[in-house]
Amino acid sequence: NPIALRKQLSYLWENKRTITTIETEKLGTVLMLEIGATNVGSIQQTYRPGSVNKGDEKGYFEFGGSSTLLLFEPGRIRLAEDLVEHSRQQCELYARVGDRLGTIA
């Protein structure tokens with residue numbers, strides 16, 4: 001939008017971010033960071049804090065690319081070997097719904 005760009009050009013390089021703290025029995029505290037990359041309109045949260053079930057919707061990114069980071073307490077998980085190897089090579093690895101990223105240590 002040309003009018004928006006004239007008012008704030010930084011829309012082209014600023015990311016939107018949200019953070020959610022997840023308390024679990026087996027993994028301890030897990031931090032979930034959602035990063036809306038270039039041109040993301042916003043991050044919409046649709047969940048309600050409290051107990052959630054596997055597969056429940058948490059929210060969605062509006063328009064544009066995005067990333068989600070999970071931060072675990074040290075020693076709580078063992079990352080999948082393909083993820084470790086790609087990281088060692090500094091190569092991006094796409095994760096799809098249902099992909100195994102690791103196991104509980």
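- For the side-chain contact (heavy atoms from CB on, under 4.5 Å) test, residues two or more places apart in sequence or in another chain that qualify with I22 are T20, T24, V30, M32.
- Put simply, CZ on R48 and CG on D56 are 12.5 Å apart, with the number rounded to the nearest 0.5 Å.
- Pairing each heavy atom of L101 with each of A95, the nearest pair is CD2-CB, 4.0 Å.
- The salt bridge (Lys or Arg N to Asp or Glu O under 4.0 Å) analysis of residues 20-34, with sequence neighbours excluded, yields the pairs E34-K58.
- Pairs engaging residues 74-86 under the salt bridge (Lys or Arg N to Asp or Glu O under 4.0 Å) rule: E73-R76, E85-R88 [sequence neighbours left out].
- For I19, the side-chain contact (heavy atoms from CB on, under 4.5 Å) partners are L31, L33, not counting sequence neighbours.
- Smallest separation of non-hydrogen atoms from G75 and A105: O-CB, 3.3 Å.
- Residues Q45 and Y47 have side chains that never bring a donor and an acceptor to within less than 3.5 angstrom of each other.
- For the salt bridge (Lys or Arg N to Asp or Glu O under 4.0 Å) condition, no pair includes a residue of residues 96-105, sequence neighbours left out.
- Judged as a side-chain hydrogen bond (donor to acceptor under 3.5 Å, both in side chains), and not counting sequence neighbours, T21 has no contacts.
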Intermediate values then yes/no, side-chain contact (heavy atoms from CB on, under 4.5 Å), T103 and I77: CA-CA 6 Å; T103 55; I77 65 163; over 6 Å; no
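- Both V84 and F72 are members of a single hydrophobic cluster when ILVMFWY side chains are connected at heavy-atom separations under 4.5 Å.
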